[in-house]
K.L.:
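Pasting a structure here, questions to come.
Every number for a ligand or one of its atoms is a count from 1 in the order of the listing. What you see below is based on every heavy atom in this structure, not just the backbone, and it leaves out hydrogens, waters and symmetry mates.
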Amino acid sequence: MSFLIVSPGKDPKPWVEALKNQHPGLNIYVYPEDHNNEEVEFALTWNHPRGLFKNYPNLKVVASMGAGVDHITSDKDFPENVTITRVVDPLLSEDMGYFVLSLCLNHLRNLGHYQQNEIEEKWEPMGYDRNKDISVGIMGIGEMGKAAAKKLLNNDFKVRSWSRTSKDFDQINNFVGDEELEEFLSETQVLINLLPLTPQTEKILNKELFEQLPEGAYVINVARGEHLVEQDLLEMIDSGHLSGAALDVFWEEPIRDEHPFWKHPKIRVTPHIASVTHPNSVVPQIVDNYERMKEEDPLKNVVEKERGY
Ligand code: OXD
């Protein structure tokens, strides 16, 4: 029985090392090195070549290296009988919480403005709002969304959330479904997107949605580039309806050289680093699922394929 790692564009070495430490007997192959497809029962992946897994007749489980699984579920040739799992790591969620908190504080205290002014040697103090006076709206209240909400609440922000289906998180006011979206948006001064990417949520951050935010609202996208209609965001910032945006994810990563986001004074770009999986921290749960698969025990963090997350 073999364990396959498929992660083009991502260095597999720390994963191999962590897996070997956790489970010295594991027979690991890193795609595309030579291996027998029939022996592979478990694969760990990030951005696999489309259609690859249908060539593994005995594959049982494909584990995502991260919290997101859209890179797997979007593969139309993914074998139906293979289980998909994702990473659920409190530390990863906490990293996301700290990141969105720092973006909110940066925005509130105008640090982007001062950074630019420093380059231009300009002394130009600005007024600022206090955390307690700002209402932050989180779209998507899964593990990451909850962690973000807690960090923001602990730092005195007013927090509300929106999810497509009802969620059991009672610490904040949660709005549900299309019917309550308008109400959710109407008082959201900083919008944070943490939705999973599914056919229902693709391009959800569009002009129609932005128009329902109050004048001067700020947008943070830390989920997936495909949630955002880029042109709509640019238009709404340039018209003054939105005050700016912080973007960590993009349709195309890295974004191309002349992309208008790079030089836009009101858009902050980071290279998909909001919360990055640390192999040592998540390998124990992957090995645990590998053992469960062998023992035919129920796996943990299984993705509902119909739902897409
Ligand atoms: C993830 C990511 O889904 O890094 O884990 O985006």
K.L.:
Hey, does G68 come in under 3.5 Å of ligand 1, counting only N/O atoms on both sides?
P.N.:
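The answer is yes, given that G68 and ligand 1 share an N or O pair closer than 3.5 Å.
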
K.L.:
Would one find more than 12 heavy atoms of other residues, nucleotides or ligands at under 6.0 Å from atom NZ of K300?
P.N.:
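Not more than 12 within 6.0 Å, no.
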
K.L.:
Between Y56 and H35, does the ring centroid distance fall short of 6.0 Å?
P.N.:
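Yes, ring centres under 6.0 Å apart.
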
K.L.:
Would you call R224 and D70 a salt bridge, taking side-chain N to carboxylate O under 4.0 Å as the test?
P.N.:
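Salt bridge between R224 and D70, a charged N being under 4.0 Å from a carboxylate O: yes.
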
K.L.:
Is it true that E187 and K158 have a side-chain N and a carboxylate O under 4.0 angstrom from each other?
P.N.:
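No salt bridge links E187 with K158.
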
K.L.:
Using a 3.5 Å cut-off on N or O atoms only, is G66 in polar contact with ligand 1?
P.N.:
no

K.L.:
Which protein heavy atom lies closest to atom 5 (O) of ligand 1, and at what distance to 0.1 Å?
P.N.:
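Among all protein heavy atoms, the one nearest atom 5 (O) of ligand 1 is A67 N, 2.8 Å.
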
K.L.:
Using a strict cut-off of 4.0 Å, indicate which atoms of ligand 1 neighbour a heavy atom of H272.
P.N.:
2 (C), 4 (O), 6 (O)

K.L.:
Quick one: does T277 get an N or O within less than 3.5 Å of an N or O on ligand 1?
P.N.:
no

K.L.:
Does any N or O atom in W46 lie less than 3.5 angstrom from one in ligand 1, N or O only?
P.N.:
no

K.L.:
Find out whether the Lys NZ or Arg CZ of K60 is both under 6.0 angstrom from the six-membered ring centre of F42 and within 45° of the ring's axis.
P.N.:
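The answer is no; the distance or angle limit is not met.
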
K.L.:
In Å and rounded to the nearest 0.5 Å, what is the CG to NE2 distance from L233 to H264?
P.N.:
8.0 Å

K.L.:
Contact between R86 and ligand 1, counting heavy atoms under 4.0 Å?
P.N.:
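R86: no contact with ligand 1 (<4.0 Å).
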
